[in-house]
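Quick caveat, the model's predicted, so the values are computed rather than measured.
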Protein chains: 2
Amino acid sequence: MSEAAIQTYTRADEAFDCLQTAIVKGDLVPGEKIGEVELCSRFNLTRGPLREALGRLESRGLLVRRPHAGVKVVSVSAEELLELYRIRETMEGLAARQAAERMTDEEIADLQATLDSHEQMIEQAQGQAYYQAEGDYDFHHRIATGSRNTKLAQMLLGDLYYMVRMYRYRLSTSSGRPHMALGEHRRIAEAIAQRDGELAEFLMKRHINAARRNIEKKIREGVLTI
Amino acid sequence: MSEAAIQTYTRADEAFDCLQTAIVKGDLVPGEKIGEVELCSRFNLTRGPLREALGRLESRGLLVRRPHAGVKVVSVSAEELLELYRIRETMEGLAARQAAERMTDEEIADLQATLDSHEQMIEQAQGQAYYQAEGDYDFHHRIATGSRNTKLAQMLLGDLYYMVRMYRYRLSTSSGRPHMALGEHRRIAEAIAQRDGELAEFLMKRHINAARRNIEKKIREGVLTI
DNA sequence: AGGAGAGGGATTGTCAACAATCTATAGACC
DNA sequence: GGTCTATAGATTGTTGACAATCCCTCTCCT
């Protein structure tokens, strides 16, 4: 009940969600030209709402449109992925600092409970995939909203995370360091619980920096090809 | 010839530009509900392209739409403006650092030439208004693109600056510290010219921090009311 | 008199046809 | 044979009409 639920779910919203997940999951291949009518038949939509959704997605940088020449999913280079992590580093550092100053005690308790459930998931099966695919975003998601910085949360949740997830799906599914990441998450949560914004920022930046270098290494080793 | 010019300027693009400038300049009052047909007659458009533009603007956070209930320009609080400056501080700090590493010598020369012309403008008439309204953004614009970080530039130029400009127009026109700002710009440009990324980042963060505190002070003094 | 519910009006969401533009193919010219 | 041009086809952009939803007012009941 934190936010009023969507009152009416318009076709344009539906189109937006469908396309976004299709792009993120890789069902729509980057670079390939895509026709509007094809998309319509694929998602059972008509062109009006579809075009509105296309406009939104273009504005978010997930696809590019050339007038009269069609739309294609944005094609991305390894360097751009690493640049994304550089942006995350600074922005999420800020988010962590503000979260430490502003999250309620209840939110912090929830955050730590989330980490407990993540730990169980990792210990049980090798739930690395789930942890990295959803759990990781869950953690960062909570901190972004906890920053109480509307625009910051909007940019992280609405833009960056989708981009990162898109790349993640293309790469080998998980970053392959769940235990280490969990430990880093724990320390960040601890700093937030102690209301130490400076430390939370430092730890978050280091956390994302480590993730970036991990990806960088894999790319150099040829494990990841984009 | 750095970038291919827009091939065909669609009505949706026109609608987007019109609405964006109208919002930024304050012709469209925040909070006030606005009808689609009214907007159409106002900008000589039809509802199709208009709706596409509305979707883009909503995605950028410049207006909010409730299904079947109309659209209104996002209304903003003083705190949110200050939060915006906090985001700018981190993001433009990163931009400055990367610009120091990646700008071409020619771009750096242009940047410094830009500052020369700014100085002349300030010295001649009290061209504060122009300097703050356009010159300031010119400087930051160049650094954002000079970072060679596509997404970073996109977020700064496409999202944050429009928001900041919107607030700026509502407030008293200029921040009232053109000379000081120019000096800070000079030092940042110097750091970039010396390829000292760390220093450029530090100076940029301090520059924006000073601007934020200046606004904060004015708000406390009651000079600015939002 | 105040509040709740229903109905009308207005506004938004959706659709399908029309017009404008680009791309690809085929032909002609150098 | 290669390249440039023109035409045809397909695709996108735009338009106006139709359907669904919300808001406001008016009435009725407590």
Side-chain angles (χ1 to χ4, degrees), chain A residues 1 3-20 22-23 27-75, chain B residues 1 3-20 22-23 27-75:
Chain A
M1 221 161 289
E3 194 74 37
I6 278 185
Q7 304 205 341
T8 47
Y9 189 66
T10 71
R11 309 282 290 205
D13 293 328
E14 189 186 333
F16 182 75
D17 289 345
C18 287
L19 284 172
Q20 192 168 49
I23 291 172
D27 296 340
L28 261 45
V29 184
E32 184 188 355
K33 186 202 155 199
I34 268 173
E36 290 186 1
V37 287
E38 187 191 329
L39 288 176
C40 288
S41 61
R42 194 154 158 181
F43 297 110
N44 264 55
L45 294 162
T46 167
R47 283 185 57 216
L50 181 92
R51 284 180 63 79
E52 210 180 307
L54 289 178
R56 287 196 233 176
L57 289 165
E58 183 192 21
S59 182
R60 293 203 180 179
L62 280 160
L63 48 83
V64 290
R65 263 168 122 185
R66 243 180 40 204
H68 296 282
V71 358
K72 61 180 185 180
V73 177
V74 71
S75 61
Chain B
M1 221 161 286
E3 194 73 39
I6 278 186
Q7 301 204 346
T8 45
Y9 189 66
T10 70
R11 309 281 288 196
D13 293 328
E14 189 185 335
F16 182 76
D17 289 345
C18 287
L19 284 171
Q20 191 168 49
I23 291 172
D27 296 340
L28 261 42
V29 185
E32 186 188 355
K33 186 202 153 199
I34 268 174
E36 290 186 1
V37 288
E38 187 191 329
L39 289 175
C40 288
S41 62
R42 193 156 159 181
F43 297 111
N44 266 55
L45 294 162
T46 68
R47 283 185 58 217
L50 181 91
R51 285 179 60 80
E52 210 180 305
L54 290 178
R56 286 196 233 177
L57 290 165
E58 183 192 21
S59 183
R60 294 201 178 180
L62 279 160
L63 48 82
V64 289
R65 262 168 120 183
R66 243 180 39 204
H68 296 282
V71 355
K72 61 179 186 182
V73 178
V74 71
S75 62

Find the distance [X]:[atom1] to [N]:[atom2] and express it as a whole number of Å.
X	N	atom1	atom2	result
B:L50	C:dT14	CG	C1'	16 Å
B:L45	D:dG13	CG	P	16 Å
A:K72	D:dT12	NZ	P	14 Å
B:E52	C:dG13	CD	C1'	15 Å
A:Y9	D:dC22	OH	C1'	20 Å
A:E38	D:dA10	CD	C1'	14 Å

Drop me the distance from [X]'s [atom1] to [Y]'s [atom2], to the nearest 0.5 angstrom.
X	Y	atom1	atom2	answer
A:K33	A:E38	NZ	CD	9.5 Å
A:I23	A:L57	CD1	CG	5.0 Å
A:D13	A:R56	CG	CZ	5.0 Å
B:K72	B:L28	NZ	CG	13.5 Å

(request) Give a yes/no answer on whether the side chain of B:T46 brings an N or O atom under 4.0 Å of OP1 or OP2 in D:dT15. (result) yes
Give every pair of a protein N or O atom and an N or O atom of nucleotides 10-12 of chain C that lie under 3.5 Å apart, one pair per line with the distance.
| unit_1 | atom_1 | unit_2 | atom_2 | d |
| --- | --- | --- | --- | --- |
| C:dT12 | OP1 | B:E36 | N | 3.3 |
| C:dT12 | OP2 | B:E36 | N | 3.2 |
| C:dT12 | O3' | B:H68 | N | 3.2 |

(request) Please identify each residue that fulfils side-chain hydrogen bond (donor to acceptor under 3.5 Å, both in side chains) with A:R11, with sequence neighbours left out. (result) none
(request) Over all heavy atoms of both residues, which pair between B:V74 and B:G61 is shortest? Give the atoms and the distance, please. (result) CG1-O, 3.6 Å
